[in-house]
Every structure is written in C-alpha cells, then in structure tokens.
Protein chains: 2
Amino acid sequence: MRKKHRVVVVALGGNALIKPGETGKLPEQLRNMDNAMKHVAMLVKRGWKLILTHGNGPQVGDILLQNEMSKNAVPPMPLYVCVAESQGEIGYMIQETLYNRLHKLGIDKPIVTVITQVLVDRNDSAFRKPTKPIGPHYLRKSAMPRGWHFMKSKMGFRRVVPSPEPVRIVEADAIRKIMDKAIVIACGGGGVPVVRGRGEKGLVGIDAVIDKDLTAGKLAEIVKADMLIILTDVDAVELNYGKPNQRKLKRVGLSEIKKYYEEGHFAEGSMGPKVEAAMRFLEKDPKNRNKRKVIITSFDLLEKAIEDKAGTIIVR
Amino acid sequence: MRKKHRVVVVALGGNALIKPGETGKLPEQLRNMDNAMKHVAMLVKRGWKLILTHGNGPQVGDILLQNEMSKNAVPPMPLYVCVAESQGEIGYMIQETLYNRLHKLGIDKPIVTVITQVLVDRNDSAFRKPTKPIGPHYLRKSAMPRGWHFMKSKMGFRRVVPSPEPVRIVEADAIRKIMDKAIVIACGGGGVPVVRGRGEKGLVGIDAVIDKDLTAGKLAEIVKADMLIILTDVDAVELNYGKPNQRKLKRVGLSEIKKYYEEGHFAEGSMGPKVEAAMRFLEKDPKNRNKRKVIITSFDLLEKAIEDKAGTIIVR
C-alpha cells in the first residue's frame with residue numbers, strides 16, 4: 001500500500017525525554033531524543049509528510065526553577081516566555097537528532113522548528129480556576145511572588161496556572177505553507193499562550209499551560225492530517241488502569257472509546273487529554289469519513305503500531 | 001520606484017533590546033522590540049520580502065547566569081543549547097510585536113521563527129584561540145568549571161569561547177523555501193554552532209559564538225538578498241571614532257570602505273564585523289553588479305536611510 005504524501009502529526013511526550021530517575025542532563029535528553037527519532041525517521045522513509053509536536057513539562061520546569069533561583073540577579077521571565085525558550089531548546093534537539101537519523105538513511109530533507117503562539121480565550125473558565133501545577137515546589141507561601149495561585153504539594157506549595165482550551169494556532173497559515181517544503185516542528189509545550197489584548201494592543205502573552213495533546217489535535221486538524229500519533233511512556237491505552245481487571249485497548253472505534261471516556265477510565269492530565277484529542281480529531285473529519293486514524297503508543301512500538309500490530313488504534 | 005518582491009535581510013542588534021541602564025525586564029524588551037518593529041513593518045508595507053535576524057548577547061548572558069546560579073539544582077545546559085533557547089525567546093518577541101504592528105497596518109502575513117544551526121569548521125583557528133567573552137563574571141578562577149578558557153575581567157574572571165567563521169547555514173534550504181510564503185526570523189545570535197561529528201555521529205553542537213553580523217551576511221547571501229540592513233545603536237559608521245576628527249560615512253563604495261577597514265577604523269567585535277559582513281555580501285554579487293546595497297544605521301533612522309537620507313550606505 002502506497003502511503004506517499006499522506007500527512008502525519010506525531011506528538012512526543014516531554015516526559016519521554018527525561019525518564020524517571022534521570023536528571024535531565026543534555027546527553028541523556030539527546031540519547032532519548034535520538035532513540036525517538038530513530039523510529040520517527042522511518043515514517044519519513046515510508047513517504048509520510050511529517051509534522052512533529054512535543055511536550056515540555058520537565059524542560060520548562062527546569063527553566064522556571066533557573067529563573068526562580070537567579071531572580072535577584074536576572075529579571076525572571078514569565079511562564080509564557082519560558083515556554084518559547086523551551087520550544088527553542090527542544091526544537092533544536094529534535095532538529096539535530098532527526099537530521100542525523102535521516103542522513104544515515106540517505107534522506108536529505110529540510111527540518112524547521114517554528115516558534116508557535118496559540119490563542120486562548122481570556123473568558124475561558126480555566127482562568128477562573130487554575131489547576132495545572134507548574135515549576136518548583138516552595139517551602140513557604142511567602143516565598144512565592146504575590147498574586148500567584150497555588151496548591152499544597154508534598155514539599156510545601158506549588159504554583160498552579162490555568163489550562164485553557166487552544167482556540168487558534170497563530171502560525172497556522174505559516175505551518176500549512178511550510179509543510180510541503182519541510183518537516184515542521186511546531187506547537188511545542190502546547191504553544192506559547194496568547195490572548196487578544198484590550199483595545200489596540202494586539203496579541204499579548206499570558207501565563208497558562210495549554211494541554212499539549214489538545215494542541216496536537218488542533219495541529220492535526222489544521223494540517224488536515226490523515227493520522228495523529230501520540231507517543232508516550234506506555235504501550236497502549238488501558239481500561240481499568242491500575243486495577244486487577246486492567247486491559248489494553250487494541251483497535252477501537254470512536255463511539256466505543258467515547259463510552260469508556262465518559263465512564264472515567266482515563267486519568268485527567270494524563271491519558272484523558274490524549275483520548276480527548278483523539279476523539280476531537282476523528283470527529284472533525286466530516287468529508288473524509290473513516291480515513292483518519294489515531295495511534296497512542298510508546299516510542300519503541302511506533303513501527304509495529306503503524307502496521308496495526310501494537311499500541312491503541314482509534315478509528316471512526 | 002517599485003521595489004516589490006525585492007528581498008531584504010534585516011539584522012537587529014541584541015543590545016538594542018536591552019539598552020544601557022535597563023535591567024532587561026520583559027516589558028522593557030518588548031517596548032524596545034515594538035519600537036524596532038514599527039520601523040521594520042514599514043519595509044513590509046513597501047513591498048519588501050523580509051528576512052530578520054538578531055543578536056542575543058544580553059539575553060544569552062542572562063540565560064547563562066541563570067544556569068550558573070541554579071547549577072546545584074538543575075543540570076546546566078551548554079552554551080549552544082542556551083543559544084537555541086534565546087532564539088526561541090527573542091523569536092517569540094519579534095513574532096508577536098511584528099504581528100501586532102503589521103495588523104495595525106492592515107497586513108496579514110505569516111511570520112515564523114526558524115531555529116537555526118550554523119555549521120562551523122572544527123579546524124577553524126578560532127578554536128585554538130578563544131577570544132569572545134561570554135556569560136557572568138567569576139570572582140575566583142576556581143569557581144569556573146574545569147576546562148574553560150578565561151580572561152581577566154574588571155570583576156575577576158570571565159569565560160572566553162571561540163568565535164569561528166560561519167561555514168554553512170544548516171537550515172538554508174528550509175529558509176529559502178519558506179521565504180516566499182512567510183516573513184522569516186532566522187539565525188538568531190549568529191546561529192546554534194554545530195560541527196560535523198566524528199565517524200557516524202552527524203552534526204553535534206559545540207560551545208562557540210558565531211558573530212551575528214557575519215552570519216547575517218551569510219544569510220543575505222543564501223537568500224540572494226538585494227539589500228542587507230544592519231540596525232545597531234549608532235546612526236552611521238564613523239571614521240576616526242572617538243577622535244576629534246571623527247566623521248560619519250554617508251554613501252561609500254566597496255573599495256573605499258575596504259581601505260578604511262584595512263586602516264583599522266572599525267573596532268573588532270563592534271563595527272568591524274558589521275563592515276566585514278557588508279564587504280563580503282557586496283563582493284559575492286558577481287552577476288548582479290551594483291544592485292546590492294548595505295545600510296548600517298539605528299532603528300529610528302531606518303526609513304530615512306532607505307531613502308538615502310540617513311545612515312551609512314555601502315554599495316559596490
């Protein structure tokens with residue numbers, strides 16, 4: 001079966017680059033990224049038009065901690081600028097490791113990281129109830145800057161920020177125009193959150209975290225992807241996760257997984273948004289019924305999953 | 001005179017975003033950037049195809065200091081990854097402020113920041129003699145990681161890194177393909193320096209600083225620019241700078257400025273590389289003689305300089 005020129009969006013978990021027990025040193029992250037790109041490069045070899053996106057949890061956490069610890073010497077940057085920094089950082093790691101992997105396969109294709117802003121609605125209910133913990137743990141509340149929302153954490157207190165819906169990818173047009181010419185890396189960390197400023201102000205950054213899987217779904221929509229692949233640290237979506245009757249979902253239809261979703265099988269902030277992104281992507285496919293596909297699996301099973309031999313495959 | 005579809009590369013000084021006496025807080029940087037983009041947006045309005053590049057001196061200095069001050073909690077990233085972070089940071093600031101300025105002019109054009117690697121030669125003589133001071137000042141030599149080269153500074157010691165020649169812009173192909181579709185921001189901070197790894201390794205990052213003006217010249221070459229504009233904090237190139245007989249250069253030919261260059265009128269690491277970038281760009285124009293132009297001026301004089309009424313204009 002020829003799959004040439006079909007479009008795939010691949011979303012990489014930020015956690016997959018800094019694994020449990022690892023410190024996040026660069027050589028570790030590059031090794032993990034290289035392993036991921038070994039598999040991703042095969043998609044390019046098979047003729048897929050590739051668009052990549054990625055999480056940034058541990059990386060932006062490190063940048064926030066660096067900002068915090070040096071705040072008496074260097075003016076700390078707000079979260080949304082730190083997200084832009086992490087897009088540059090991780091984008092560079094992907095560009096280099098993917099370039100090298102493709103080079104070994106004899107493929108010479110331009111790869112570009114696009115710094116991406118994602119518009120959110122300042123009336124999104126998330127802004128009234130921040131829920132997403134971010135950055136370092138603080139021993140005392142008084143050590144936090146005024147005005148932050150916080151939650152209690154096992155080590156004291158932790159900042160929480162809103163997690164609003166992605167409304168529009170500001171660079172959508174650019175991404176669509178580039179994807180014919182280059183492999184595109186975009187929307188890192190869910191995107192730099194921006195809102196429409198009041199009056200004449202245009203776009204302005206805002207401290208929030210947009211779920212990277214929901215943004216990945218949006219990205220897959222705007223590039224009219226045929227396939228969305230969400231790579232994470234588990235092999236497949238599981239029902240009754242952590243219970244004795246836990247079981248892997250193999251091939252599943254939209255209405256079936258919707259039922260499981262509503263029954264509460266998938267954890268918020270973890271498998272939940274992945275499944276939600278999958279459902280939205282499949283639902284928004286009115287003309288092209290039954291041709292879209294979502295795969296949720298781990299890096300190492302990517303190639304098997306493409307052949308329907310591993311992972312969770314969700315279709316309409 | 002119609003200038004439609006002609007190509008201009010604009011290089012912004014990193015210092016111009018954090019001015020003397022300023023702390024580098026985000027609102028200051030955004031205000032300075034917005035002022036720069038007010039002028040740059042006019043080039044787009046006049047029909048120029050725009051490619052932007054920028055310095056990152058103060059910004060990457062801040063990121064290095066953040067890395068240093070938190071090194072016991074967060075594994076510090078090497079300089080070349082910090083450069084990638086600063087490309088994300090500054091790229092975002094340019095994207096947002098330029099988008100807003102164009103929006104006010106009724107112009108809706110995609111703008112993309114491309115994270116850019118620049119290949120350098122590991123046999124470049126710069127690697128035998130690091131000269132470029134970078135990052136924080138250290139009170140004691142022993143406070144520096146082993147293996148760093150350093151110089152004495154007024155506050156103690158400071159790391160110096162090599163400043164090799166830009167050999168090739170790794171993302172050149174991508175940039176050329178995108179520039180017809182979008183305003184491109186690329187090669188920030190002179191680019192993330194990479195060398196060819198030994199054996200099978202492909203490209204690997206290396207700690208160095210590529211002069212941003214020399215890279216800007218290279219960028220102007222690869223996109224076959226008609227005009228290169230270097231924006232800095234002085235209004236024009238001066239002869240006998242700082243002496244009683246100091247005088248501004250207005251319109252000057254290649255051979256004339258070459259003579260001044262060889263006479264040592266232009267300071268190393270400051271006006272020197274700007275003039276050198278200009279000369280190289282003009283020299284590498286064999287087919288298109290006398291059509292290329294370089295402008296060196298300050299942000300506020302950009303529009304006047306375009307009309308030959310301010311700044312230094314260098315032609316062949």
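In the text below, chain A, chain B and the rest are named by the order of the sequence lines, each starting its count at 1. Reckoned from all heavy atoms, side chains included, excluding hydrogens, waters and symmetry mates.
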Novice: Shorter than 4.5 Å, heavy atoms on both sides: which option in B/P78, B/A84, B/C82, B/G205 has the most such pairs with chain A?
Specialist: B/A84
Novice: Side chain, backbone, both or neither: which part of A/Y92 has a non-hydrogen atom closer than 4.5 Å to chain B?
Specialist: both
Novice: Between A/M77 and B/G24, which heavy-atom pair has the shortest distance, and what is it?
Specialist: CE-O, 3.6 Å
Novice: Show me the donor-acceptor pairs within less than 3.5 Å that the side chains of residues 174-187 of chain B make with the rest of the protein, sequence neighbours left out.
Specialist:
unit_1 : atom_1 : unit_2 : atom_2 : d
B/R176 : NH1    : B/I222 : O      : 3.4
B/R176 : NH2    : B/D173 : OD1    : 3.2
B/D180 : OD1    : B/K49  : NZ     : 2.7

Novice: Name the option with the most non-hydrogen atom pairs under 4.5 Å to chain B; the candidates are A/P110, A/A73, A/P75.
Specialist: A/P75
Novice: With a 4.5 angstrom heavy-atom cut-off, is it the side chain or the backbone of B/V194 that approaches chain A, or both, or neither?
Specialist: side chain
Novice: When you measure from the side chain of A/Q95 to the backbone N and O of B/I115, does any donor-acceptor pair fall under 3.5 Å?
Specialist: yes
Novice: Pull out the residues in residues 50-65 of chain B that come under 4.5 Å of chain A, heavy atom to heavy atom, sorted by number.
Specialist: B/D62, B/I63, B/L65
Novice: Can you tell me which portion of B/Q29 sits under 4.5 Å from chain A's heavy atoms? Options are side chain, backbone, both or neither.
Specialist: side chain
Novice: Under 4.5 Å from any heavy atom of chain A, what part of B/V192 do you find: side chain, backbone, both or neither?
Specialist: side chain
Novice: Tell me, side chain or backbone of B/E96 under 4.5 Å from chain A's heavy atoms, or both, or neither?
Specialist: both
Novice: Mind ranking A/M69, A/E68, A/M93 by heavy-atom pairs under 4.5 Å with chain B and telling me who comes out on top?
Specialist: A/M69
Novice: Report which part of A/V170 has an atom under 4.5 Å of a heavy atom belonging to chain B: side chain, backbone, both, or neither.
Specialist: side chain
Novice: Look at A/T23, A/T113, A/T116, A/V81 and state which one has the largest set of heavy-atom pairs under 4.5 Å with chain B.
Specialist: A/T113
Novice: Among A/Q87, A/Q117, A/H103, single out the residue with the greatest number of heavy-atom pairs under 4.5 Å to chain B.
Specialist: A/Q117
Novice: Given the options A/K25, A/K71, A/Q66, which has more heavy-atom pairs under 4.5 Å with chain B than any of the others?
Specialist: A/Q66
Novice: Which residue out of A/L26, A/D34, A/V112 racks up the most heavy-atom pairs below 4.5 Å with chain B?
Specialist: A/L26
Novice: Is there side-chain contact between B/L30 and A/V204, with heavy atoms separated by less than 4.5 Å?
Specialist: no
Novice: Could you please spell out the steps behind the side chain to side chain contact (heavy atoms under 4.5 Å, CB included) verdict for B/L203 and A/N100?
Specialist: CA-CA 7 Å; B/L203 301 179; A/N100 289 340; 3.8 Å; yes
